[in-house]
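Quick notes on the structure that follows.
No experiment lies behind these values; they were computed from the predicted model shown. First the proteins, then the strands, lettered A, B, ... as listed; each starts at 1. Heavy atoms only: backbone and side chains are in, while hydrogens, waters and symmetry mates are out.
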2 protein chains.
Amino acid sequence: MRETTLRDVAELAGVSPRTVSNVVNGYARVTDATREKVERAIAELGYRPNVLARNLANGRSGQIVVVVPYLDTPYFSELLQAIIPAAREAGYNVLVDQTDGDRAHESSLVGRGARQLLFDGMIFSPLGLSQDDLSVRDPALPLVVLGERTSDGTFDHVGIDDVAASTEAVAHLIEIGRRRIAAIGDQPYPTGEAAQLRTRGFRAAHAAAGLTVDESLIIGTARFNRIDGATAMAALLDRSDPPDAVFCYSDLVASGAVHTLLAHGLRVPEDVAIIGYDDIEDGRYGRPTISTISPDKGAIARTAVERLVMRMGSAEPLPGKEIRAAHRLIPRQSTIGF
Amino acid sequence: MRETTLRDVAELAGVSPRTVSNVVNGYARVTDATREKVERAIAELGYRPNVLARNLANGRSGQIVVVVPYLDTPYFSELLQAIIPAAREAGYNVLVDQTDGDRAHESSLVGRGARQLLFDGMIFSPLGLSQDDLSVRDPALPLVVLGERTSDGTFDHVGIDDVAASTEAVAHLIEIGRRRIAAIGDQPYPTGEAAQLRTRGFRAAHAAAGLTVDESLIIGTARFNRIDGATAMAALLDRSDPPDAVFCYSDLVASGAVHTLLAHGLRVPEDVAIIGYDDIEDGRYGRPTISTISPDKGAIARTAVERLVMRMGSAEPLPGKEIRAAHRLIPRQSTIGF
DNA sequence: CTGAAAGCGCTAACAG
DNA sequence: CTGTTAGCGCTTTCAG
């Protein structure tokens with residue numbers, strides 16, 4: 001029992017395939033009479049267009065791929081949750097790929113000749129790829145990069161101003177009277193550009209307040225998960241001179257740090273104030289709730305899709321654009337108390 | 001600058017398209033000599049097969065779609081994270097769709113004539129759809145259903161034994177000496193079948209221990225989010241006779257309940273013990289850590305993909321199968337203390 | 001406004 | 001083992 005095709009419909013309606021196509025896609029104007037005939041035939045046969053064939057004929061797949069390092073990281077799942085409806089609204093289906101932050105995997109996705117011609121464009125949140133890696137890529141692939149990279153002029157980049165946001169976060173800690181402030185999450189190597197921007201903000205806030213940074217309070221972590229925060233915080237507490245506040249490079253890190261503090265019988269924020277980054281849902285329900293920098297995820301998702309659609313629609317490669325989404329500081333219990 | 005096609009390769013190599021196709025797909029045996037010629041040509045031209053055309057020609061898309069109600073719910077994002085690699089290993093790309101639990105959206109996805117012929121099969125985690133709704137579906141779509149439905153014989157179902165798992169959870173509360181046990185999350189209406197299974201377990205555990213259920217301690221919630229748990233717990237605390245333990249129908253609900261308890265100055269588990277369901281990562285890092293029922297997500301993902309691949313590969317619709325994945329009780333601080 | 005016909009790029013039956 | 005060729009189902013140019 002074969003699927004019914006456009007040709008079948010045409011026959012039953014007594015018109016040409018061309019006309020059916022017109023009706024289905026609303027292209028050319030069609031007489032009301034023929035339109036109705038065709039629609040009746042479509043209904044009768046239960047016809048549904050074969051997307052594969054359509055795609056082949058017009059050379060586009062109607063799919064975009066969203067590539068993130070991890071799907072079970074709240075920040076990315078929340079972002080994806082926002083991207084999918086935006087893409088659907090623009091008429092695209094969303095393929096999802098996760099890279100585990102693996103550099104080889106990531107570069108195979110954007111690299112020259114990598115594309116399977118299976119998607120029309122890509123929204124990419126790199127992790128293992130350095131800025132330089134990103135530049136060696138298939139120039140024909142419409143690409144929007146998310147996160148903390150910078151556009152090299154061949155793709156769009158959507159992100160918040162990390163340095164400014166980090167500065168605000170640390171300024172907030174200073175404002176509530178903290179002076180020995182630690183940072184958890186630095187990554188002083190090529191693929192750690194994201195982290196380094198946060199560290200820049202950390203320093204900037206100190207400078208602005210006339211404070212000097214205690215370099216030994218900047219703790220590196222391989223990733224931004226709870227366990228990283230928990231471990232780093234434990235190390236800080238082992239010292240003779242623990243900090244009175246910590247700027248964590250993600251809310252998960254913050255959550256891990258809080259966990260360690262409470263387990264050691266310390267109070268948050270009385271003994272140690274904590275601020276995170278990302279504004280994931282968790283942070284709003286823990287105890288204490290976690291102060292954070294909240295990027296406007298909805299805006300990021302909408303902008304990314306909008307730019308990508310624009311790039312996919314253009315015959316010439318568009319010049320890359322740097323786009324800043326909004327962010328704001330949200331003070332919660334972990335800094336301002338109960 | 002057109003993409004190079006298989007025909008171009010054939011010309012350059014001086015062979016027929018058929019041979020190139022054979023080389024690319026490793027179908028028929030090809031002489032080493034010609035193979036090498038073809039491969040050289042492929043490399044020289046930077047040829048890459050057009051997946052769209054291939055798909056059209058062999059009538060399959062090489063894509064499966066995974067449909068979940070919400071992507072930012074940790075349980076689903078963790079599950080998806082496990083499904084994607086499993087699918088990729090089986091040679092499939094993963095499309096993702098989220099329904100917001102909307103019944104119309106869900107039924108439009110599985111309903112008769114709904115398929116866009118864009119994916120070869122579907123892994124579906126329904127929420128708004130009742131068991132009956134599920135039965136009115138496109139019989140040609142290979143389908144594996146996740147969660148708490150039951151196979152009607154036309155699709156596979158992979159899930160844990162919810163009644164048994166819930167019984168264990170509540171038995172655990174009884175075992176640690178609790179007698180006034182509440183349940184948060186019941187949904188006594190057609191689309192609430194998932195919840196009802198948990199309630200069945202709740203009752204079963206009471207019966208097994210010779211306890212009677214206080215019906216007023218079974219609290220309904222519209223969804224399984226933190227806010228639902230927080231609200232329901234607040235209502236329980238308003239009563240003159242609050243419970244000494246609560247079985248929450250998800251870890252998020254449990255987390256919300258804990259939040260409310262702590263905010264009221266109560267201790268967990270000393271005053272009220274809490275157990276959740278799903279074993280999401282959060283539960284391992286809060287304070288207290290949350291006891292839970294842990295479904296084997298890896299096994300669920302692998303089994304679902306494996307069964308789906310089997311269904312997609314079979315010409316005849318296979319009979320539906322009911323598959324039970326493993327689960328286990330994980331006691332943590334929220335029941336057994338620190 | 002509608003019909004005829006030529007592809008889109010690949011696969012696979014059917015020769016040879 | 002390899003070439004020829006007819007589609008897969010739809011879009012779209014070019015006539016009419």
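In terms of phosphate contacts, B/Thr5 brings no side-chain nitrogen or oxygen within less than 4.0 Å of OP1 or OP2 of C/dC8. The phosphate of C/dT11 (OP1 or OP2) has a side-chain N or O of B/Ser21 nearer than 4.0 angstrom.
Taking every side-chain heavy atom of B/Ala57 into account, C/dG9 is the closest of D/dT12, C/dG9, D/dC10. Looking at the side chain of A/Leu6, the nearest of the listed nucleotides D/dT11, D/dG3, C/dC10 is D/dT11.
Mapped onto DNA chain D by nearest heavy atom, B/Leu56 and B/Thr19 fall at different nucleotides, with B/Thr19 at the one closer to the 5' end. Mapped onto DNA chain C by nearest heavy atom, A/Thr34 and A/Pro17 fall at different nucleotides, with A/Thr34 at the one closer to the 5' end. For B/Gly14 and A/Arg7, each mapped to the nucleotide of DNA chain D holding its nearest heavy atom, the one lying further toward the 5' end belongs to B/Gly14. Each of A/Ser16 and B/Ala53 was matched to the nucleotide of DNA chain C holding its nearest heavy atom; the match closer to the 5' end belongs to A/Ser16.
Residue B/Asn58 contributes atom CG, which lies 15 Å from atom C1' of C/dA13 at whole-angstrom precision. In this structure, A/Asn22 places its CG atom 9 Å from C1' of D/dT12, rounding to the nearest Å. The separation between B/Arg60 atom CZ and C/dT11 atom P is 11 Å, rounded to whole Å. Atom CG in A/Leu118 sits about 16 Å away from atom P in C/dG9, given to the nearest Å. Atoms CG (B/Leu45) and P (C/dG9) sit 14 Å apart, rounded to a whole Å. The nearest whole Å value for the distance from the CG atom in B/Asn50 to the P atom in D/dG9 is 17 Å. The distance between atom OH of A/Tyr47 and atom C1' of D/dG9, rounded to the nearest whole Å, is 7 Å. Summarising the geometry, the separation between CD on B/Glu11 and C1' on D/dG3 is reported as 14 Å, rounded to the nearest angstrom.
Looking at B/Asp8, its side chain does come within 3.5 Å of a backbone N or O of B/Thr5 through a donor-acceptor pair.
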Taking distance alone, no hydrogens or angles, what donor-acceptor pairs closer than 3.5 Å link side-chain atoms of residues 89-97 of chain B to residues at least two apart or in another chain?
unit_1	atom_1	unit_2	atom_2	d
B/Tyr92	OH	B/Arg60	NH2	3.4
B/Asp97	OD1	A/Arg88	NH2	2.6
B/Asp97	OD2	B/His105	NE2	3.4

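In this structure A/Arg149 satisfies the salt bridge (charged side-chain N to carboxylate O under 4.0 Å, His left out) test together with A/Glu193, sequence neighbours excluded. A search for salt bridge (charged side-chain N to carboxylate O under 4.0 Å, His left out) contacts involving B/Arg307 returns B/Asp156, not counting sequence neighbours. The salt bridge (charged side-chain N to carboxylate O under 4.0 Å, His left out) test applied to B/Lys297 returns B/Glu78, not counting sequence neighbours. Considering only residues two or more places apart in sequence or on other chains, A/Arg302 meets the salt bridge (charged side-chain N to carboxylate O under 4.0 Å, His left out) condition with none of them.
Note on A/Asp138 versus B/Arg48: salt bridge recorded, some NZ/NE/NH1/NH2 to OD/OE distance being below 4.0 Å.
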Heteroatom pairs (N/O) under 3.5 angstrom, protein to nucleotides 13-16 of chain D:
unit_1	atom_1	unit_2	atom_2	d
D/dT13	O4	A/Arg18	NH1	2.7

